[in-house]
A.B. asks: 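Starting off with a structure, shown below.
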Amino acid sequence: MKLSEVKKILNADVIVGEEHLDLEVKTAFGADLMSDVLAFAKAGSLLLTGLTNSQVIRTANILDIAAIILVRGKKPSTETINLAKEFKIPLLTTKYILFETAGRLYAKGIVGCLEKVENNSVLD
Amino acid sequence: MNLETIVKEFGLEVRCAPENLKNNVTGGYTGDLLSDVIANSREGYIWITRQVHQNIVAVASLKEHAGIILINSCEPSRETLEKASQEKIPIMVSSLSAFELTGKIYNLLGKKD
Amino acid sequence: MKITVCSTENSLYQDSFDIEGGNFNKAGIVSTRIKSILKQMGLPADVVRKCAIVSYESEINVVSYAKKGVINLTVNPETVLIEVVDEGPGIPNIDLAMQQGYSTADQKIREMGFGAGMGLCNIKNYSDIFHISSEVGKGAHLLMTINIKQ
């Protein structure tokens with residue numbers, strides 16, 4: 001699906017990357033913990049998150065994330081926006097909560113960028 | 001829809017408070033920032049998170065969530081389990097990612113409502 | 001336990017990068033540099049990815065807990081070595097620190113999306129060889145090896 005369709009499904013506003021809405025995305029990862037993203041998210045996926053600080057952009061850049069969707073209508077700082085521009089990572093914002101955002105995208109055929117984690121227990 | 005339907009549908013592993021699987025699920029909230037969950041989730045929601053710390057029980061109890069589902073096969077800490085058992089908050093574990101599980105539960109809730 | 005990076009006469013690249021403790025605005029700059037260096041050297045994408053994640057989590061740790069630190073990057077024909085040395089409080093109980101979910105992070109770190117007790121696990125999981133040591137009151141020392149050829 002094109003990023004422009006993701007935008008439509010989520011009634012999202014494009015903050016950075018209006019020129020990249022033709023980008024194709026198939027998978028997504030949703031999380032508010034960047035270490036969780038670093039552990040599991042795959043290159044080329046959408047990142048759905050409620051965090052808005054600049055580390056979100058840095059994490060996305062480290063992992064070659066295709067685009068970032070900020071949920072719950074959160075507004076990023078100028079610093080975050082500038083960094084997204086610098087790294088050319090599309091940054092969108094939707095008013096929907098993560099549950100609704102993931103649900104809508106999943107219903108339209110976007111799948112998780114990983115299916116299962118079999119063993120992730122606390123080393124105790 | 002009650003919690004038990006969701007547990008059966010997606011093969012969730014129940015870690016505590018099985019006596020409360022009849023809890024009615026009115027919606028869902030996916031997220032790992034406790035302050036956001038407190039601010040935006042509602043009574044009767046199923047909370048999907050990868051946080052395993054005992055603070056999740058306090059949040060779920062405060063907001064009267066139907067239960068908590070830990071994703072990516074994350075296991076609750078011992079303190080979390082003890083507290084959740086006391087507070088009678090069901091904690092379940094899924095091997096799916098937050099995105100996948102949320103998508104599936106969203107669709108299920110949509111169909112039955 | 002003191003580990004030193006073995007001499008690298010045949011190393012392809014070697015550089016050191018300083019990290020400022022406590023400065024979250026700059027956290028991630030060094031790992032972004034490292035990523036682009038390794039990419040430019042033409043290393044396989046999965047190796048670049050592992051090195052970038054390992055460097056980034058390490059950098060976040062230094063910024064979060066130490067006064068200052070340094071990342072030494074060495075690229076050998078068959079391995080990438082990432083060594084992180086910091087000056088700070090050190091780690092009193094390494095076994096505990098390595099447990100997933102264990103964290104001493106404050107609110108500020110958590111607001112950045114870190115401090116959930118996953119960082120060291122990520123570093124370990126993405127490294128082919130992982131060493132960690134610490135002297136309380138002085139700092140921590142991490143040495144990660146990532147194999148270029150599997």
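Naming: A, B, ... by sequence-line order, numbering from 1 per chain.
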A.B. asks: Would the number of heavy atoms belonging to other residues, nucleotides or ligands and lying under 6.0 Å from NZ of K88(A) be above 12?
C.D. replies: no

A.B. asks: Which region of R72(A), side chain (C-beta onward) or backbone (N, CA, C, O), has a non-hydrogen atom less than 4.5 Å from a non-hydrogen atom of chain B, or is it both or neither?
C.D. replies: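 Side chain only.
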
A.B. asks: Counting only heavy atoms closer than 4.5 Å, note whether I48(B) contacts chain A via side chain, backbone, both or neither.
C.D. replies: side chain

A.B. asks: Can you tell me how far the CG atom of L109(B) sits from the CZ atom of F99(A), to the nearest 0.5 Å?
C.D. replies: 5.0 Å

A.B. asks: So which atom in G112(A) and which in S97(B) form the shortest heavy-atom distance, rounded to 0.1 Å?
C.D. replies: CA-OG, 4.5 Å

A.B. asks: Report the option among I97(A), L98(A), L48(A), L105(A) that has the most heavy-atom pairs separated by less than 4.5 Å from atoms of chain B.
C.D. replies: L98(A)

A.B. asks: Taking atom SG of C74(B) and atom CG of D36(A), what is their separation to the nearest 0.5 Å?
C.D. replies: 6.5 Å

A.B. asks: Below 4.5 Å from any heavy atom of chain B, which atoms of I110(A) appear? Answer side chain, backbone, both or neither.
C.D. replies: both

A.B. asks: Measure L33(A) against the heavy atoms of chain B and call it side chain, backbone, both or neither at under 4.5 Å.
C.D. replies: both

A.B. asks: With heavy-atom distances below 4.5 Å as the criterion, would you say the side chains of Y106(A) and N107(B) are in contact?
C.D. replies: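 Contact flag for Y106(A)/N107(B) side chains = yes.
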
A.B. asks: Can you tell me how far CZ of F40(A) sits from CZ of R50(B), rounded to the nearest 0.5 angstrom?
C.D. replies: 7.0 Å

A.B. asks: Of the backbone (N, CA, C, O) and the side chain (C-beta and beyond), which part of K108(A) lies under 4.5 Å from a heavy atom of chain B, both, or neither?
C.D. replies: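 For K108(A), neither part sits under 4.5 Å from chain B.
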
A.B. asks: Among the options A31(A), A28(A), A39(A), pick out the one with the most heavy-atom pairs lying under 4.5 Å from chain B.
C.D. replies: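 With the most close heavy-atom pairs to chain B, the winner is A28(A).
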
A.B. asks: How would you list, in number order, the residues of residues 27-37 of chain B that have a heavy atom less than 4.5 Å from chain A?
C.D. replies: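 Residues in range: G28(B), Y29(B), T30(B), G31(B), D32(B), L33(B), D36(B).
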
A.B. asks: Can you name the nearest heavy-atom pair linking F99(B) to G30(A), along with the distance?
C.D. replies: CB-N, 4.2 Å

